[in-house]
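Chain identifiers are assigned alphabetically (A, B, ...) following the order of the sequence lines, protein sequences preceding nucleic acid strands; residue numbering begins at 1 within each chain. Since we're looking at a predicted model, the values are computed, not measured.
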Amino acid sequence: MKKTALYDIHESLGAKMVPFAGYDMPVSYSGIRLEHEAVRNGVGVFDVSHMGEFILKGDNALDLIQMVTSNDASKLVPGKVQYTCMPNEDGGIVDDLLVYMLDEHTYMLVVNASNIDKDWDWISKHNTMGVEMHNISDKTTLLAVQGPKALQVIESLTEMDLVNQKYYSFDKGVFCGHENVLVSSTGYTGAGGFEIYLENQHAEDIWNQIFSKGEAMNIKPVGLGARDTLRLEMGFCLYGNDIDDTTSPIEAGLGWITKFSKEFVNCKALEHQKLNGVDKKLVGFELKEKGIPRQGYPILNEQNENIGAVTSGTMSPSLNTAIGLGYVYNDFSTPDTEIFIEIRGKAIRSKVVKLPFYKSK
Amino acid sequence: MSTSDGLNRNTMSIPQELKYTKDHEWVKVAGDEVTVGITDFAQGELGDIVYVEVETVGETLDQETIFGTIEAVKTVSDLFMPISGEVLEVNADLESNPESINSDPYGAGWIVRIKIQDDSQLDGLLTDTQYKEEIGAQ
């Protein structure tokens with residue numbers, strides 16, 4: 001089991017650790033609800049160093065990225081970030097990821113921990129144009145400082161102009177006295193905030209400086225448990241749950257990051273889906289009766305017929321409603337459609353709702 | 001010493017006067033009935049508890065059959081009969097305060113009362129020492 005550079009700190013904070021994607025990761029410290037609340041209304045810090053980072057460098061780096069990803073990376077300029085996915089040749093998704101344009105010929109790809117090897121092999125396979133590739137995952141710490149008070153905590157820890165940093169932009173520079181730190185206005189919570197990429201040897205010091213600065217704002221360490229409830233309230237897809245090797249980006253509602261203005265892996269088939277429609281769609285739903293949907297639970301229509309399956313579900317701490325994502329046949333994908341979630345043999349009345357579940361204040 | 005999952009099993013509360021099961025439930029004997037809940041260890045593992053569903057009140061069930069479920073934010077877990085008997089009552093306060101299982105697992109967080117059918121089953125339950133061994137506490 002791998003450990004992040006902050007493992008000892010998590011231990012000393014009494015975090016509950018769980019194995020995740022080959023890492024021993026904190027799932028919670030003070031409890032999912034408290035941590036969730038801290039991010040929605042204050043500020044919380046996640047150690048998400050298990051995520052993978054690849055550097056792609058060379059004259060043809062953009063061409064390679066354009067070929068393997070679905071979004072149009074030619075729209076990027078240095079200092080900008082793009083959310084995208086890598087389609088496979090069978091209609092599914094290899095991974096969803098962020099692309100950072102570092103300079104004219106250099107990009108950083110941030111991929112899911114569980115897919116690091118698969119993604120590396122996939123990109124390598126398509127790298128027929130001599131792009132230099134570096135996997136810096138093992139030496140990189142990634143902290144997500146999230147919540148409405150995130151800026152207040154970290155702005156004074158750097159000379160970088162975070163106040164004016166736009167959403168999905170980044171700066172690189174000195175942070176907490178350490179060089180070569182990248183700070184981006186990104187996140188997986190819908191609560192605003194930053195993601196900070198740094199070298200492992202500075203991880204403990206930067207963590208400690210952030211917490212001492214954040215003390216007055218009641219900053220909290222936040223685990224993977226609340227990361228899941230926060231992203232689910234926003235309707236953000238989780239690879240392995242809501243999207244995987246078999247789900248198409250069009251079905252998953254990721255048409256907005258699938259651009260047919262360029263050529264990429266499986267673009268013909270996906271364009272056909274976009275033009276002709278797909279049979280099923282990923283929708284958000286909320287329960288109208290008691291119960292909590294969980295991954296794999298069947299989705300039924302009023303006649304008790306199977307119309308889909310739950311891919312993610314939880315009790316939303318912000319809304320105090322049970323919410324979930326799942327694939328249903330097209331006929332049932334319109335908001336307000338009544339559907340039923342089968343929970344331990346009972347059909348629980350539910351309703352398709354528009355995403356996000358949680359609308360920020 | 002804390003364990004690899006970060007839980008300090010030595011500061012975990014495991015009252016001496018209770019009996020335990022391998023399913024992490026506690027049993028308190030009083031006359032011809034028992035009160036049942038989940039252990040401090042179990043509530044810590046489950047995390048924030050959202051609600052408890054027990055629809056077996058009035059039913060007589062065998063030892064180790066499922067009498068209800070407990071839903072936490074992160075996961076769901078079944079509740080098992082620690083002994084055979086009739087489910088007499090579910091703790092109605094859990095309807096509005098399910099989190100009392102997290103905050104007071106051996107007190108306000110009790111879950112059901114069961115009428116004892118066979119006294120000898122009580123002897124098969126774990127003592128506090130045996131339960132500590134079961135979860136790896138010292």
Roughly how far, to the nearest 0.5 Å, is the CZ atom of A:R344 from the CG atom of B:D78?
-> 7.0 Å
Should we say atom [atom1] of [X] is surrounded by more than 12 heavy atoms from elsewhere, each under 6.0 Å from it?
X      : atom1 : answer
A:E302 : CD    : no
A:D117 : CG    : no
B:E17  : CD    : yes

Which residues pass the side chain to side chain contact (heavy atoms under 4.5 Å, CB included) test with A:N301, sequence neighbours left out?
-> A:Q303, A:E305, A:I307, A:F332
Atom group of A:T229 that falls short of 4.5 Å from chain B, counting heavy atoms = side chain
Toward chain B, the part of A:N320 with a non-hydrogen atom under 4.5 Å = neither
Residue B:L46 versus chain A: region with a heavy atom under 4.5 Å = backbone
Against chain A, label B:E99 side chain, backbone, both or neither, depending on which of its atoms sit under 4.5 Å from a heavy atom there.
-> neither
Identify all side-chain donor-acceptor contacts of residues 290-300 of chain A below 3.5 Å with residues at least two apart in sequence or on another chain.
unit_1: A:R294; atom_1: NE; unit_2: B:E71; atom_2: OE1; d: 3.2
unit_1: A:R294; atom_1: NH1; unit_2: B:V73; atom_2: O; d: 3.0
unit_1: A:R294; atom_1: NH1; unit_2: B:K74; atom_2: O; d: 3.4
unit_1: A:R294; atom_1: NH2; unit_2: B:E71; atom_2: OE1; d: 2.5
unit_1: A:R294; atom_1: NH2; unit_2: B:A72; atom_2: O; d: 2.6
unit_1: A:R294; atom_1: NH2; unit_2: B:T75; atom_2: O; d: 3.0
unit_1: A:Q295; atom_1: NE2; unit_2: A:G240; atom_2: O; d: 3.4

